[in-house]
Structure formats: structure tokens, C-alpha cells
Number of protein chains: 2
Amino acid sequence: MTTSPHPEGTRLDLIEAGILLFGQKGFSATSVRELAALAGANIAAIAYHFGGKEELRLACAEEFGRQMRDATDKAPVSPAPTASKARDELAAIIQAVLAFLLGARGPGGLVPFMLRELAENGPGIEVVYRTFADPMHRRLCTLWGHATGLDPESEAVRLAVFSLIGQMMYFRIGQPIVSRRMGWAGYGPAEIDQISGQITANLDAMLTAEKET
Amino acid sequence: MTTSPHPEGTRLDLIEAGILLFGQKGFSATSVRELAALAGANIAAIAYHFGGKEELRLACAEEFGRQMRDATDKAPVSPAPTASKARDELAAIIQAVLAFLLGARGPGGLVPFMLRELAENGPGIEVVYRTFADPMHRRLCTLWGHATGLDPESEAVRLAVFSLIGQMMYFRIGQPIVSRRMGWAGYGPAEIDQISGQITANLDAMLTAEKET
DNA sequence: GTCTATAAACAGATAGAC
DNA sequence: GTCTATCTGTTTATAGAC
């Protein structure tokens, strides 16, 4: 029996260290020595378990996808809600996603890792797309369709949903810029509520405008 | 007389190479050898002109700020337009910013460099804030105030403007995800027009909702 | 100012003992 | 599976000729 925090042993420790360090400093700025040190493992363990640094990155992306699925799959889809119910569910998703993106601690370092892969166009972007971006987008499109009566897979709806997602993502990616201009020290619960309220108001404005067309 | 593309000589060639390569591959993934090669300069020139790689990054950020100012300062501010005029100017800015962010070639590699500094929380983020983010945000706030009658510096207006900016930024940052889901090969003039139309529609929806409150 | 040559530190990967 | 020790290549930085 070892002192490793994971029963599965060193392998998972290394993956966890990878998600954390790759997310914090980026892939090329992270050395295998740092990874091994943080994981409490030997330098040679990376080559032994994965083959090399690049393959560790892939393993991190896969683990990211697994955890992402677990964190997302607990939301059942209502079959055919009314427009009003669909609007409420959209608002609830906005709140949940913002809590996940902006909250003090999303599970592990998943969000930074995801954003790094996006910024670096890394191999994990494929996983990000499959496990997070695409399912969420489709789910929102379905709800948007119920809320407006439009075809959920029409170009207009898909674009509208992206413009909604963009608002949420930017408040995370542009956090240093937003905080500075707003005079905030960072994102606390109060600030997240304010952002959530703003985006929900935008949602209602967009839905209302759609109905009046 | 040398064959350098810049009359000011090697120094500017290195900065240009830095903006390009740092933007494309990131700071730590770019070696001084690549930089020197692209600039047509010697490896030792970086240490001679700047002191080191890190200082070259700072020089790139400053040059970025200079070019950004030049590219932005050509828009005169109307003194006190009507609500309708303010709305039209907001729409015009949206179109211009999207053309800059999403267009085939913004001037030099300025946009990728900016996004990298944002993603890496690099020292250039300060310059990005001063020369791009803050002036644009304040200008939009002023127009938003004219369009709605609200206090341009109120928290509500500042947040609303960020939610508008976020939509534009995300269509750039999330380009691989958006393109894939939309079934686009990339962003051409037609796609940019579509995005511009969507965000302009959102602008009108938000302004309308504000008026009816 | 620009070059060659090289120093000194660091990277990722591996061989082989245990 | 994990370790130490080391190999090989690359990194940034620098010394000194021109």
C-alpha cells in the first residue's frame, strides 16, 4: 500500500497533475519534472505509463472528457415543454454553467485545462467539443426551439445559441479585463449573480424579440 | 543599405516576428532561433537589442499597443447623438470590430497576439487593456447611454456592454467549435455577415427590452 | 551592429538495477 | 512499477572577433 492519493496509483496522479499544470501554465511551459514532482512520482514514470509528454496530454484530455460527462449527465431533458417552461430551463442552465465556469472551484482544474486546449488548439479540443461544447449547444438549441417555435437545428437558432454561449464564455476568458473595468477584485457569489442576471435578461430580450417577429 | 524590410533595421523585424510567432504558437513554444530566422537576423541580436526573450515579448506588447492605437483612433466620436443615431453607431462598431476580429487578415498578427496574451495572462494584457479593451468598452458604454438614456458608467450598462463584447470575442476564440457545429469550413465574408447580423439583432433586442422597462 | 563559437542550464527520453 | 543515472538534443545567453 502506497501513500498515493489515488488507489489506481501513479497513473492517475500524473493525469491529475497534467490537467492542473497544463491548465495553469500551458503545455510547452510545463516540464515533465514539474509534472512528476506534483504527482509525487518519478520522472521516468511518465514515459513508462504513457510513452511521453504528448501522450500524457492525450490521457489528460480523455480523463477530462470522462469527468465532464459525469458532471453534465445528471440533467434529464424534459420531453416537450411549453415555451415558458423551456425559457425557465434555459435560465437554469445559464445559472448552472456560469457557476461551473466562474465559480471559485469547478471540479479539479477542468475549466482552465479546457480553455488552454481551446487557446492552443490542442488535441483535447476534439474531446472538449464532443463532451462539452456540442452536447450543451444541442441541448440549448432544443430548448430554444421549444421557447420560440423555431426549428432547433436551423442556422438562425444555432447562431443565436452561440451568441448566448459566447457571453458566458467571455466572462470567464476575459475575467481579468472584466474584473478590472468593473472594479471587482474577482468573481465572488455576488458578482456571479450579477453576471447571471445580465445574461438571463439578455436571454429574455432575445426570446421576446423573436416572438414579435 | 541592407535588404531588411524595415528601414529601422533588425529591431523591428524581430518585434514583427515576435508578434507573429508568439501569436501563432505561444510564448514558451517559440524559440529565439525561430524568431531570429523569421526576422532574418542572428540569434545574438535578440539579446543585443532587447536583453532576452522575455524583454522581446514586452517590446512586442508595446508595438502591439502602438499599432492598435493607430488602427483605432480614426473613429471620431459624435458629441451627443440621438438614441437612433447611437444605435446605428453601435451597429456600425459591431460590424467593424467583427471584420477586424474575424476577417481573413487583421493588420499583421495583432489579433492572435492579443488573444495569446489574454489566454496566457502575459504581460501584454496590460497593454491590451489600455489600448483595446478599455477604450472600446468606454466608447460602447457612452453610446449605450445615449441609446437608452441610462448612465453610461452605471454597473448595469458596463455589464450589458461586456455581454455584447463577449459575443464578438467568442466567435473568434471559439472559431473551431463554431465552424464545426455550423458546418462551415471557416469564416468567409458571408459567414461574417451572418454573425454580424445575429449580434446586431441581439443588440436591438437588448435595447428594446431596456426601453420597455 | 552583426557575426561565430560556445557556455551553462534545461528539456524529454531511456537503460538498467532493484 | 519504481528508482538512479545518464544520454542526447535543445534552450537561452554570452564572450569575443570583426
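Computed from a predicted model, the values in this text were never measured in an experiment. Throughout, protein chains are lettered first and strands after them, A, B, ... in sequence-line order, and every chain is numbered starting at 1.
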Picking from C/dT2, D/dA15, D/dT12, the nucleotide nearest the side-chain atoms of B/H49 would be C/dT2
Check: Just checking B/A47: base, sugar-phosphate only, or nothing, at a heavy-atom cut-off of under 4.0 Å?
Finding: base
- [ ] Decide whether B/Q198 and B/Q194 meet the rule of one side-chain donor and one side-chain acceptor closer than 3.5 Å.
- [x] no
A/F50 atom CZ is separated from C/dA13 atom P, nearest whole Å, by 13 Å
Check residues 157-164 of chain B and write down every donor-acceptor pair under 3.5 Å in which the side-chain atom is one partner and the other belongs to a residue at least two apart or another chain.
residue, atom, partner, partner atom, Å
B/R158, NE, B/E153, O, 3.2
B/R158, NH1, A/R181, O, 3.1
B/S163, OG, A/N202, ND2, 2.9
B/S163, OG, B/A160, O, 2.6

A/V32 has its side chain closest, among C/dG12, D/dC3, D/dA13, to C/dG12
inquiry  = So B/S28, base contact, sugar-phosphate only, or nothing? Heavy-atom distance under 4.0 Å.
reply    = nothing
Between NZ of A/K25 and P of C/dA11 the distance, given in whole Å, is 9 Å
Item to complete: Kindly indicate whether the side chain of B/R33 and the base of D/dT12 share any N or O donor-acceptor pair separated by less than 3.5 Å?
Response: yes
When rounded to whole Å, the CG to P distance for the pair A/L35 and C/dC10 reads 17 Å
Walking DNA chain C from its 5' end, the first of A/N42 and A/E34 to be reached, judged by nearest nucleotide, is A/E34
Counting only Watson-Crick and G-U wobble pairs with both atom distances below 3.5 Å, the stems of 3 or more consecutive pairs that include DNA chain D are C:1-10 with D:9-18, C:12-18 with D:1-7
Check your understanding: OP1, OP2 of D/dT10 versus side-chain N and O of B/S31: anything below 4.0 Å?
Key -> no
message = Applying a 4.0 Å non-hydrogen cut-off, can you work out what A/A45 is touching in the nucleic acid: base, sugar-phosphate, or nothing?
response = nothing
A/E54 CD to C/dA11 P, in whole Å, measures 17 Å
Of the listed C/dA15, D/dA13, D/dT14, the closest approach to the B/A44 side chain comes from D/dT14
All heavy atoms of B/I19 vs all of B/F64, minimum pair found to be CD1-N, 4.3 Å
- Task: Could you walk me through whether A/D134 and A/R130 pass the salt bridge (charged side-chain N to carboxylate O under 4.0 Å, His left out) test, one step at a time?
- Result: CA-CA 6 Å; A/D134 192 57; A/R130 284 204 324 267; over 6 Å; no
Check whether any side-chain N or O of B/T10 sits under 4.0 Å from OP1 or OP2 of C/dT2, and answer yes or no. yes
**Study point:** Electrostatic pair A/R180-B/E126, nearest N-O below 4.0 angstrom
**Key:** yes
